[in-house]
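Order of the sequence lines sets the chain letters (A, B, ...), proteins ahead of strands, with each chain counted from 1.
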Amino acid sequence: MQRRRAQTASDNGNMQLYEDAAIVLRTHKLGEADRIITLLGREYGKIRAVAKGVRKPTSKFGGRLEPFMVVNAQFRHGRSLDIVAGAETLRAYSDPISRDYNRYTAGNTIVETADILTNADRGNDHYTLLLGALGSLARGDHTPELVRGSYILRALTIAGWQPIFDRCVRCGRTEPISHVAIALGGAVCDDCAVPGTPKVEAETLALLQALLLGDWSVADTSTSFARAESASIIAAYLQFVLERRISSITVGNQA
Amino acid sequence: MYEGVIQTLIDELGRFPGIGPKSAQRIAFFVVQDAKYDPSTLAGLLATIRETIHYCITCGNLTENEQCSICSDPRRDHSTICVVEEAKDVAAIERTREYDGVYHVLGGVINPMNGVGPEQLNLKTLIKRLGDETVTEVILATNSTVEGEATSSYLSRMIQPIGVTVTRLASGLPVGADLEYADEITLGRAFSGRRNVE
């Protein structure tokens, strides 16, 4: 689908320049010194553009087009891919995230999820959520695994796959619920749970609900057991919904 | 489109990185038309290079022997190991003539989105080398990218408990560049890494 270009003050006649605040999701090497940059723009959604000469030490972009950076970028319409014409830093999140390995692996899952989800869904809700998640990760407000879990649940909610953890997804009863059925999209009560449905602790369900709502007072005081159990449920649900393996989750488990 | 073997040659040349269809066509015509050029040397090298070149058993650098010339050189300082991403980084550092230690080539960087984690890197031999008490310093010389920094932070976390000094290459303003064009991260690092003027 051809991206519609809003007529803004930055549009420049035949040069087809457009400008957007955007978060760098990932980069791929191209040729000798270029990179293809994948960004999530506030207005334009997913943008893929070539940054020429960005791998040279004297590049005008410097570190501005590294993953996790938030930039105000100008793009020029190209034949197949757009060209990055300029970029200025809005939030320099790449440095604090990459210098801490746990933040880095969590950040990779966050941007990989954003990259996949925004293929089908555009709009600035994803941008706002991603900006908040990376900011929290960079500042170290909460442990990286909690930020990652909360981001995934809320991004899936925006995309229309909201899981339910505070009541049974089949009958709606609020108790007793002590199982999670990934394929049904959340918690199930003891009566609705079919044999073989994994049982989970009440504290894990409470943490999952807190992460879904962004209730950090509950999330920050959760036990390590609840964190580990909720992380595996979130990863399983994400990969079930997306019908694909998330590479960064597999690699994150190696550490 | 050309007929027969010339098109096959163009297609094969076009599979090399950085060689597009036009460049491939130019090279193919040069080989065919320039009578002074003898392609047998290149053809011979291409045919045997994979059997000739392999990885150094100590550092992972490319070599024709079991051990590369740097690892087998007794004049090098074997107490300092410089960790780099690729074999071509060894050549770049050697060109500076500033470093006389030895190297360790990781064979990549940790890139979770591309499925590359610590287990896919050449780390087992590095840990084995650090077990030898002669090593006193490890210099982390991965690229100054997000992936390079993250790999450095992982290695630092892994090596420091062993008791070996871990250092990271300095980063800052490139020589010959104007300060006003430096991005915020580069300039920030240049400030945090400033040193006394001797």
Side-chain angles (χ1 to χ4, degrees), chain A residues 24-35 38 54-69 71 87-113 115-116 245-255, chain B residues 16-20 23 85-86 88 92 108-121 123 140 142-160 168-169 171-193:
Chain A
V24 179
L25 301 179
R26 63 196 306 175
T27 65
H28 297 95
K29 286 181 181 177
L30 178 70
E32 287 292 312
D34 306 341
R35 278 202 185 107
T38 306
V54 70
R55 285 154 61 198
K56 290 180 181 171
T58 51
S59 164
K60 64 178 176 179
F61 297 117
R64 293 185 185 104
L65 296 176
E66 287 289 304
F68 314 122
M69 288 294 286
V71 292
E88 60 185 45
T89 305
L90 295 178
R91 300 271 193 281
Y93 291 150
S94 71
D95 212 33
I97 291 176
S98 63
R99 283 172 182 244
D100 181 304
Y101 189 68
N102 292 335
R103 290 183 191 179
Y104 175 68
T105 51
N108 264 274
T109 307
I110 288 172
V111 292
E112 187 174 1
T113 304
D115 189 20
I116 297 166
R245 196 174 61 87
I246 304 296
S247 309
S248 53
I249 291 179
T250 313
V251 171
N253 292 338
Q254 289 181 18
Chain B
F16 284 96
I19 306 288
S23 299
E85 290 180 19
E86 305 286 352
K88 58 191 178 188
V109 273
I110 298 172
N111 191 336
M113 278 200 279
N114 289 347
V116 182
E119 288 174 13
Q120 281 72 45
L121 301 181
L123 290 180
L140 302 174
T142 52
N143 286 342
S144 197
T145 58
V146 163
E147 295 83 7
E149 287 296 337
T151 305
S152 277
S153 72
Y154 178 84
L155 290 173
S156 170
R157 197 174 72 172
M158 185 186 84
I159 297 167
Q160 269 170 346
R168 175 86 173 107
L169 279 194
S171 64
L173 296 170
V175 175
D178 283 6
L179 192 109
E180 64 174 306
Y181 294 117
D183 67 285
E184 296 74 12
I185 296 175
T186 307
L187 203 48
R189 283 193 194 168
F191 264 98
S192 62

A.B. asks: Start with the C-alpha distance between B:Asp183 and A:Glu66, add both sets of side-chain angles, then the distance that settles side-chain contact (heavy atoms from CB on, under 4.5 Å), and finish with yes or no.
C.D. replies: CA-CA 12 Å; B:Asp183 67 285; A:Glu66 287 289 304; over 6 Å; no
A.B. asks: With rounding to the nearest 0.5 angstrom, report the OG to CG distance, B:Ser171 to A:Asp95.
C.D. replies: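 It comes to 8.0 Å.
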A.B. asks: Tell me, for A:Leu65 versus chain B, whether the close heavy atoms (under 4.5 Å) come from the side chain, the backbone, both or neither.
C.D. replies: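 Nothing of A:Leu65, per the 4.5 Å heavy-atom cut-off to chain B.
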A.B. asks: In Å and rounded to the nearest 0.5 Å, what is the OG1 to CG distance from A:Thr27 to B:Asn111?
C.D. replies: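 Nearest 0.5 Å value for the OG1-CG distance: 7.5 Å.
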A.B. asks: In terms of heavy-atom pairs under 4.5 Å with chain B, which of A:Arg64, A:Arg26, A:His28 leads?
C.D. replies: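 Of A:Arg64, A:Arg26, A:His28, A:Arg64 has the most heavy-atom pairs under 4.5 Å with chain B.
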A.B. asks: To the nearest 0.5 Å, what is the distance between OH on B:Tyr154 and CG on A:Asn102?
C.D. replies: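 It is 11.0 Å, given to the nearest 0.5 Å.
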A.B. asks: If you count every heavy atom of other residues, nucleotides or ligands that lies below 6.0 Å from A:Arg55 atom CZ, does the total exceed 12?
C.D. replies: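 More than 12 within 6.0 Å, yes.
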A.B. asks: Please rank B:Met158, B:Glu149, B:Glu184 by heavy-atom pairs under 4.5 Å with chain A and give me the top one.
C.D. replies: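 Max contact count across the listed options: B:Glu184.
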A.B. asks: Examine whether an atom of A:Phe68 lies under 4.5 Å from a heavy atom of chain B, and if so say whether it belongs to the side chain, the backbone or both; otherwise answer neither.
C.D. replies: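 Side chain only.
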A.B. asks: Mind checking the CD1-CE spacing from B:Ile185 to A:Met69? Nearest 0.5 Å is all I need.
C.D. replies: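 If we round to the nearest 0.5 Å, B:Ile185:CD1 and A:Met69:CE are 4.0 Å apart.
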A.B. asks: So which residue, A:Ala87, A:Ser59, A:Pro67, A:Gly31, ends up with the most heavy-atom pairs under 4.5 Å with chain B?
C.D. replies: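 Between A:Ala87, A:Ser59, A:Pro67, A:Gly31, the count favours A:Pro67.
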A.B. asks: Is a side-chain donor or acceptor of A:Tyr104 paired with a backbone partner of B:Ser153 at a separation under 3.5 angstrom?
C.D. replies: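 Side chain of A:Tyr104 to backbone of B:Ser153, a donor-acceptor pair under 3.5 Å: no, none is there.
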A.B. asks: Give, for atom CE of B:Met113 and atom CG of A:Asp115, the distance between the pair rounded to the nearest 0.5 Å.
C.D. replies: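 Atom-to-atom, B:Met113:CE and A:Asp115:CG are 7.0 Å apart.
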